[in-house]
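The structure appears below as structure tokens.
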Amino acid sequence: MIVGVLALQGGVEEHLTALEALGATTRKVRVPKDLDGLEGIVIPGGESTVLDKLARTFDVAEPLAVLISNGLPVFATCAGLIYLAKHLDNPARGQQTLEALDVVVRRNAFGTQRESFDTTVDVSFDSAAFPGVQASFIRAPIVTELGSTTEAIAVLNGGEVVGVRQGNIIALSFHPEETGDYRIHQAWLDLVRKRIELAI
Ligand code: GLN
């Protein structure tokens, strides 16, 4: 089983470290041929406008969107969540997304005063609970609307949705890869493994 990490920009190394610590075989994805044979892909945080521009420049955006719409599992953090969203409340001029995740996302939702903060967040899905995930919020987005097939899996005390799931897509506003709390990476790898077993 090989999982990719979209390696155009942002927190690529942190995700590679997390996945390898959990025993996964990884591959950096930059160009379309890097997508061949992947069982899942991680889209890291960084800057969603830059991700978008580079993915289009390297011609990887379109084949990636097709694979995801055909069921390729995705784990995304922060800018990765933004880049997956069908709609953005406040896109930058000309900003495009993969339009794979049926949500509306607001970029930089915590404003300048709280641009970055660390906290703990309870995450739960599929009757599994991950209490107190160590989470780093860095110019983080929030999910402002959920589609009919998308569920909230993490909500802050103020009611802000900061984690969502749609089938084998898990997307978080924050960065557990920065804190060394790899429970959600593990849960997503379990989804990827389950999908392979069901296909056999
Ligand atoms: N605010 C950034 C964006 O719009 C996301 C920040 C992050 O990934 N840490 O893409």
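All of these numbers come straight from a predicted model, not from anything done at the bench. We count ligands from 1, going down the list as the structure has it; atoms in each ligand are counted the same way. Below, each value reflects all heavy atoms present in this structure, side chains not excepted, and no hydrogens, waters or symmetry copies.
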May I ask you to say whether [X] pairs ionically with [Y], meaning some side-chain N is under 4.0 Å from a carboxylate O?
X	Y	result
D190	R193	yes
D52	R56	yes
E47	R139	yes

- Can you sort out the partners of R27 under salt bridge (Lys or Arg N to Asp or Glu O under 4.0 Å), two or more places apart, ordered by chain and number? none
- Query: Should the ring pair F174 and F137 be called parallel, tilted or perpendicular, given that the plane angle runs from 0 to 90° and is split at 30 and 60?
  - Reply: tilted
- Query: Going by the angle between their ring planes, with limits at 30° and 60°, are F75 and H15 parallel, tilted or perpendicular?
  - Reply: perpendicular
- Please list, by chain and number, the protein residues whose heavy atoms come under 4.0 Å of ligand 1. G45, G46, E47, S48, C78, A79, I82, R107, N108, I138, R139, H175
